[in-house]
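Report on one structure; see the data block that follows.
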Amino acid sequence: MWRGGGHIMRTTANRREVLGGLGLTGLGLAAPSFAALPGDADLVVRNARVHTVDDRQPRATAFAVADGRFVAVGDDDTAMAFAGKRTQVIDAKGQAVVPGFIDCHNHAVGEVLLYEVIVGNPFDVEFFTIQSIIDKLQARAAAVPPGQWVEGFFFDDTKISDKRALTKADLDRVSTTHPVMVLHRGGHTAYYNSKAFALAGVTDATPNPPGGTFDRDPAGKLNGRVTDNANDVFEKAGTRPVFSAAETERRGRDGAAHMSKAFARYGLTSVHHQGGDFAALQAIRARGDLLHRVSYESTGPMLDAMIANGIKTGFGDDWIRFGATFEHMVDGSFSERTMAMSVPFPGRTPPYYGNVAQSQEALNAWVEKVHRAGIQANCHANGDVAIGMALTAYERAQKLYPVADPRFKITHCTLVNDDLVRRIKAVGAIPAPFTSYAYYNSDKFGFYGEELMRNAMAFRSFLDAGIPVCAGSDFYPGPFAPMMAMQGMVTRTGWDGQTWGANQRITPAEALRVSTLNGAHASFEEASKGSIITGKLADFVMLSDDPLGVAHDKIKDIKVVRTVTGGRTVYQA
């Protein structure tokens, strides 16, 4: 356990009496292993507008922290009673304080941000030209040997001021001797030059593989865009840089630390990591650079090792623990318009229904395997067809191997209907829809139309059904800024002023709960974090304004003033 300032708390024979007086007993909370006494607090925050996300005490003005946990929440006098000579006292001067934000779906690509060619803005809405992309890639091509990949990241096809598609011809201008790839920030589509297609053995006559496409122009020629499973053939083409073991480890550590600082800057105190360098996370924790808590979602050899060695979801501690599985791919992308739907995409000829990544039988077998192993299953399912497939696999696994509270995760869970909502509720699944998309990606909603968008990112439908929906930014596909996310959930209005699916709006208080306590629930940690109550981990954020009080279209402009994880300030503006 992290001990603020190295101070070990005293215990007392009257612990039960003290905890009872603070409202802990009988609540099923993870109570601290001590009873704080006057003078014990490491930190007191007073004169604040505290939104606790606790229905029994929704508001407070102050709280005290000892040994990384809240030990008193209430008015200033209550909190200050725990202050002593060594206690840090923060006068919030009326600023809003909320629980630390929890992102339940994040690809923490710190190494990409540090070392790769970034052709778009990872964090906000910004437009770029195709020429600017070419210029950046040409600079990289000049620095690497022929035959080695030149790659660009964080491309967004609707954030191009040219107002046209990126093409193979554009990327041929970068180089004819290097394979060139530009990855859409959504992660499901990429754009290649002629050299890349040649090295991969893909021609105009190559058929589309199951679950993917080699897109073509009206004349039937490859246009450069490749979707979902069709990208696999490029993995073994060309060459990529090779690093020594020591350099690989250093890059991993630096990337993880860079990402953790970014999370802290935006007020994220817990993040569900989609795989990544597990050793690097442990290394930066050991050196004091892990500023957020990690729910690590495993795949590949790591998941196989968990199953082989009996490691179940929840193993670990309050800083790093094994969570659900990595998102198991069932279909394509919402933002890149490849998700599997029961109706064709509007305006597409011939009719296109999106990409299904695997068969129902294969999905059933995978879910059963991880469910039987005591690991929380997590499927990537965007379209209603894919969500139905995931639910079929979950229902089957639960029937074969009943678990009292499985909390099957459905990452994205974008396009639903009444029957899917009913099935999600019945099987106890947890949807993790896109959060920042309603603001950031509103320029893509027109590809679907209002009728479909009324059932997309359906926070209102989930909450009305009693489903504890959580927040998943899907960075790097979507920015992970919690204030942008909250505004999108509340207004359903994008950066371009367009409103889609207004029926799915939720209140600011609901958006805050989705982004905090519901996120803790998604990883079976609601007893230890997600709200500001006595006994829970002292993870909180001080804000420049009150997200529950400002005009709804100003929520995204609220700044993080201070981020505190476990009672330790990890970011201060």
Side-chain angles (χ1 to χ4, degrees), residues 104-105 188 209-212 228-229 274 297-299 303 307 312-313 323-334 338-345 351-434 452 455-459 461-462 464-470 472 474 522 524:
C104 292
H105 184 71
H188 288 251
D228 291 305
N229 292 352
Q274 295 301 288
E297 301 192 338
S298 302
T299 189
L303 180 59
I307 295 171
K312 304 178 186 301
T313 290
T325 67
F326 187 97
E327 56 174 329
H328 190 72
M329 209 64 61
V330 182
D331 71 341
S333 164
F334 169 83
T338 68
M339 70 182 189
M341 303 196 302
S342 59
V343 297
F345 278 75
Y352 174 65
Y353 294 82
N355 298 332
V356 173
Q358 64 179 250
S359 69
Q360 184 71 61
E361 292 73 20
L363 179 60
N364 288 348
W366 180 85
V367 169
E368 179 183 347
K369 178 178 69 173
V370 298
H371 181 63
R372 283 183 177 273
I375 299 171
Q376 184 184 11
N378 175 19
C379 285
H380 162 118
N382 269 301
D384 57 341
V385 168
I387 296 168
M389 291 175 65
L391 288 169
T392 294
Y394 291 162
E395 291 158 349
R396 175 183 176 274
Q398 181 70 344
K399 184 177 181 180
L400 290 172
Y401 193 77
V403 172
D405 187 12
R407 303 190 196 183
F408 299 113
K409 196 171 177 182
I410 307 177
T411 289
H412 310 322
C413 202
T414 303
L415 182 65
V416 297
N417 54 49
D418 290 345
D419 187 57
L420 291 176
V421 172
R422 177 193 60 79
R423 292 172 65 189
I424 290 168
K425 172 71 171 177
V427 80
I430 306 295
F434 301 112
L452 289 176
N455 293 301
M457 291 165 266
F459 287 97
S461 296
F462 292 135
D464 287 350
I467 296 169
V469 57
C470 63
D474 197 27
F524 298 91

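Just so we're clear, the structure is a prediction, and the values are computed from it rather than from any experiment.
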Calculate, to the nearest 0.5 Å, the distance between atoms [atom1] and [atom2] belonging to [X] and [Y] respectively.
X    : Y    : atom1 : atom2 : answer
I387 : N382 : CD1   : CG    : 7.5 Å
T411 : H328 : OG1   : NE2   : 12.0 Å
E297 : C104 : CD    : SG    : 8.0 Å
L391 : C413 : CG    : SG    : 7.0 Å
L303 : F326 : CG    : CZ    : 11.0 Å
H371 : L400 : NE2   : CG    : 8.5 Å

Check side-chain hydrogen bond (donor to acceptor under 3.5 Å, both in side chains) between [X] and all other residues, then give those that pass, not counting sequence neighbours.
X    : answer
N417 : none
D405 : R407
T313 : none
N355 : T227, D228, Y352

Which heavy atom of [X] sits nearest to which heavy atom of [Y], and what is that distance?
X    : Y    : value
C379 : W366 : SG-CZ3, 4.1 Å
P433 : M457 : CB-CA, 4.4 Å
S342 : Y353 : O-CE2, 3.8 Å
V370 : A377 : CG2-CB, 3.8 Å
A458 : V416 : CB-CG2, 3.7 Å
M329 : A357 : O-CB, 3.6 Å

Going by side-chain contact (heavy atoms from CB on, under 4.5 Å), name the residues that satisfy it together with [X], two or more places apart in sequence or in a different chain.
X    : answer
P402 : none
A393 : Q360, L363, N364, V367
A362 : Q358, S359
A465 : V421, I467

Test: salt bridge (Lys or Arg N to Asp or Glu O under 4.0 Å). Region: residues 369-379. Which pairs qualify, not counting sequence neighbours? E368-R372
Tell me which pairs pass salt bridge (Lys or Arg N to Asp or Glu O under 4.0 Å) where either residue lies in residues 385-395, with sequence neighbours left out. E395-R423
Could you tell me whether a side-chain N or O of [X] sits under 3.5 Å from a main-chain N or O of [Y], the two making a donor and an acceptor?
X    : Y    : result
K425 : G466 : yes
T338 : S333 : yes
H412 : F434 : no
D384 : L415 : no
T325 : N378 : yes

Kindly write out the residues that satisfy ring-ring contact (aromatic ring centres under 6.0 Å, His included) with Y394, not counting sequence neighbours, or none if the list is empty. F408
With a 4.5 Å cut-off on side-chain heavy atoms, are [Y] and [X] touching?
X    : Y    : result
I430 : P468 : yes
L420 : N455 : no
I410 : I424 : yes
H188 : F334 : no

Residues H380, Q274; criterion side-chain contact (heavy atoms from CB on, under 4.5 Å); working and verdict: CA-CA 11 Å; H380 162 118; Q274 295 301 288; over 6 Å; no
Sequence neighbours excluded, which residues qualify as salt bridge (charged side-chain N to carboxylate O under 4.0 Å, His left out) partners of E327? none
